[in-house]
Amino acid sequence: MSLDFSVLLRFQEALALGLWTTVKLTLICIVLGCSLGFLVGLSRTSPSAIVRGIASIYVEFFRGTPVLIQLFWIFFCLPLVLGVELSNLASGVIALTLYMGAITSETFRASLKSVGREQMDACIALGLPRRVQVTNVILPQAVLRAAPTLLSNCISLFKESALVSAVGMADLMFVGQNISNNTARPVEVLTIVALIYFAIAFPLTRAVTLVEGRILKKLAI
Amino acid sequence: MTSASAPLVSIRSLHKSYGPHIQVLKGLDIEMKPGERVVVIGPSGGGKSTLLRVMMGLEKIDSGSITFGGKPYISSANADAKTAINTDVRRSIGMVFQHYTLFPHLSVIQNLVLAPCKVRGEKKASATQRAQALLERFGLGGKANAFPAQLSGGQKQRVAIARALMLDPKLMLFDEVTSALDPELVAEVEQVILQLAEQNLPMMIVTHDMWFAKNIASRVIFCAGGVVVEDGPPEQVLGSPREERTRDFIDRVFHIKQ
Ligand SMILES: Nc1ncnc2c1ncn2[C@@H]1O[C@H](COP(=O)(O)OP(=O)(O)O)[C@@H](O)[C@H]1O
Ligand SMILES: [Mg+2]
């Protein structure tokens with residue numbers, strides 16, 4: 001039996017739709033997850049032991065358990081706990097946001113630490129109000145320093161998002177599996193699906209190197 | 001409080017410790033008149049930086065008080081009490097640090113205009129104009145859009161001075177601002193500070209540079225062990241100190257044999 005990639009031509013549209021779902025899900029969870037991660041990262045430097053404790057339990061739990069189990073838990077248990085039906089998209093967004101929040105919070109924590117006391121001294125000596133210190137000095141430096149690692153976190157999320165297919169969300173992976181079942185051509189289909197993931201992830205991994213080299217060197221931070 | 005002899009800064013019985021065991025300032029009294037340029041010298045670890053940091057409002061104090069232009073500025077009744085800092089007064093003081101502390105993610109001009117725009121609500125166009133003029137004056141006209149990492153140490157320090165001046169301070173504090181510089185870059189920074197001295201801007205300067213101390217100071221204070229040991233005109237303190245400890249220090253640090 002020879003390989004025949006032509007079967008896939010019929011499914012261009014389905015694959016495009018699946019890819020769109022994957023990209024949409026990833027982008028939403030990047031925005032929500034990074035915001036959550038920044039807040040949790042900040043909380044882990046809080047003077048309150050309770051705030052620090054809650055934040056670190058959350059982070060350790062989500063970093064220390066398989067994403068697949070987190071997904072199942074949120075798809076099947078959370079509706080029971082909350083007593084409401086959640087759409088596939090909503091559950092996927094919640095699960096991956098919580099996962100992304102946990103991993104990026106570690107990234108932000110390290111970068112927040114590296115914005116040193118001297119920068120704070122300079123802020124005070126210039127009379128900058130607290131709000132300006134955070135938004136104009138601390139946040140931009142923390143984000144810049146975190147940028148390469150955050151980009152890697154985003155690429156991981158993009159690939160990990162394939163797990164939502166396991167709970168029936170029609171993402172790229174799910175569509176790929178469906179086509180492969182219908183055509184009985186798993187090798188061709190999964191190869192193409194892998195290539196699609198790769199075509200998006202690879203330029204991004206190159207971008208990480210670029211960001212690291214260019215921006216950080218220019219700012220020397 | 002506008003008479004010529006009224007003090008600009010009056011430090012009374014200033015005590016400061018880091019934790020229970022490190023007593024750094026042990027009852028410091030210093031009075032500074034308007035237009036004075038005070039150079040503070042003393043052994044490393046003697047509390048010179050701490051004094052300047054306290055005056056900038058960066059540190060809590062145990063007890064004592066500081067007034068500025070006759071107004072209460074910093075005070076604390078005892079080590080357990082809160083250090084009260086008048087932030088309005090603090091805005092009239094500027095400080096330059098040993099390690100530049102420019103904002104690395106902002107260009108030179110953005111470093112200069114951030115505080116005037118955010119603190120005083122100055123229009124960006126007007127702040128930018130003032131900043132550009134200041135940069136030209138300091139020989140940095142072409143560096144407005146450079147980032148700090150692209151500058152030499154001497155250039156960075158001149159930018160840091162310009163940044164502080166954007167807020168029209170009534171007193172400038174310089175903490176060993178040339179200590180981190182390569183020797184050939186020291187003069188360009190000291191020239192800028194000497195320029196400011198010509199305009200009678202009051203300043204307090206910590207330095208180990210003998211030539212600079214002599215040329216900039218209208219008064220020299222020798223600080224050691226957390227107290228003022230000797231205080232007088234530069235010819236006296238640097239030239240023929242009265243106190244033995246001052247003499248030892250000057251001999252050692254400045255290699256001047258009496
Ligand atoms: N943040 C701090 N925490 C604890 N000890 C400090 C701190 N800053 C300074 N010190 C100590 O206080 C003393 C005075 O330091 P400093 O004011 O920097 O002296 P100088 O500038 O005269 O060299 C030193 O012994 C130093 O180790
Ligand atoms: Mg010092």
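Order of the sequence lines fixes the chain letters, A, B, ..., with proteins taken first and strands second; residue numbering starts at 1 for each chain. Note that the coordinates shown come from a computational prediction; the quantities given were computed from them, not determined experimentally.
When atom types are taken as modelled, the side chain of B:H105 and the backbone of A:N136 share a donor-acceptor pair closer than 3.5 angstrom. The backbone N or O of B:L102 lies less than 3.5 Å from a partner atom in the side chain of A:Q119, making a donor-acceptor pair.
Atom CD of B:E184 sits in a crowded spot, with more than 12 heavy atoms from other residues, nucleotides or ligands closer than 6.0 Å. Atom CD1 of A:I50 has 12 or fewer heavy atoms from other residues, nucleotides or ligands within 6.0 Å. The neighbour count for A:F61 CZ, taken as heavy atoms of other residues, nucleotides or ligands under 6.0 Å away, does not exceed 12. Residue B:K60 places its NZ atom among 12 or fewer non-hydrogen atoms of other residues, nucleotides or ligands, all under 6.0 Å distant. Within a 6.0 Å radius of CD in B:Q195, other residues, nucleotides and ligands contribute more than 12 heavy atoms. In this structure, B:Q199 places its CD atom where more than 12 heavy-atom neighbours from other residues, nucleotides or ligands lie under 6.0 Å away.
Contact count versus chain B (heavy atoms, under 4.5 Å) is highest, among A:A122, A:P129, A:G116, for A:A122. Highest contact tally toward chain A, considering only B:R163, B:M166, B:R120, is held by B:R163 [criterion: heavy-atom pairs under 4.5 Å]. For the options B:T87, B:L173, B:V119, heavy-atom pairs under 4.5 Å to chain A are most numerous at B:V119.
Atoms SG and CG, on A:C123 and B:L114 in that order, are 8.0 Å from each other to the nearest 0.5 Å. A distance of 5.0 Å separates CG in A:D121 from CG in B:L58, rounded to the nearest 0.5 Å. Atom CZ of residue B:F103 and atom CG of residue A:L126 lie 5.0 Å apart, to the nearest 0.5 angstrom.
Salt-bridge check for B:E59 with A:R117: passed, with a basic side-chain N closer than 4.0 Å to an acidic carboxylate O.
A:V132 touches chain B through its side chain: at least one heavy atom from C-beta onward sits under 4.5 Å away, while N, CA, C and O do not.
Residues B:M95 and A:A125 come closest through the heavy atom pair CB-CB, 4.4 Å.
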